[in-house]
Amino acid sequence: MTQLPSPSTDAPILYHDGCRLCLDIALTLGAAIPSLRVVDLCLHPGLAPQAKERGVTELPSLVIGTKVLPVAPHSDLAHVQA
């Protein structure tokens, strides 16, 4: 399992479920936030527990430090863990 750095020192992370809307959001935010890390939880479901530890419950969500910001949420984190 890939370990992600501490959220307090890490670049912003967008967790998403890989749908077309999420991919569009990832492209848009990636263009606006050059340091953004994008995690597609359908491609990397092993990272879902780490997303949950960071407070993510809905997808897509942007994690900046210790803050979790849902971005047009339309899927539960549990959806990618099934």
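In this structure, Leu77 CG and Glu58 CD are separated by 10.0 Å, a value rounded to the nearest 0.5 Å. The distance from atom CG of Leu21 to atom CG of Leu59, rounded to the nearest 0.5 Å, is 11.5 Å. Ile13 CD1 to Ile33 CD1: the interatomic distance, rounded to the nearest 0.5 Å, is 12.0 Å.
Counting heavy atoms from C-beta on, the side chains of Pro45 and Val80 never come closer than 4.5 Å. Counting heavy atoms from C-beta outward, Leu14 and Ile25 have side chains that approach closer than 4.5 Å.
Between Pro70 and Ser61, the shortest heavy-atom contact is CA-OG, 3.6 Å. When all heavy atoms are compared, the tightest approach of Pro60 to Pro73 is CD-CA, 4.2 Å. Val63 approaches Gly65 most closely through the heavy-atom pair CG1-O, 3.6 Å.
Under the side chain to side chain donor-acceptor pair (under 3.5 Å) rule, Tyr15 has a single partner from Arg37, His44, Arg54, which is Arg54.
Clustering ILVMFWY residues whenever any of their side-chain heavy atoms sit less than 4.5 angstrom apart, transitively, puts Val38 in the very cluster that holds Leu62. Val68 and Leu47 fall within the same hydrophobic cluster, defined by Ile, Leu, Val, Met, Phe, Trp and Tyr side-chain heavy atoms under 4.5 Å apart, directly or through other members.
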Practice problem: Given side chain to side chain contact (heavy atoms under 4.5 Å, CB included), test Leu41 with Val39 step by step and report yes or no. | Solution: CA-CA 6 Å; Leu41 291 172; Val39 178; 3.8 Å; yes

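His74 contributes a side-chain N or O that, together with a main-chain N or O of Ala72, makes up a donor-acceptor pair within less than 3.5 Å. Side-chain atoms of Asp40 come within 3.5 Å of backbone atoms of Cys42 as a donor-acceptor pair (strictly under, hydrogens ignored).
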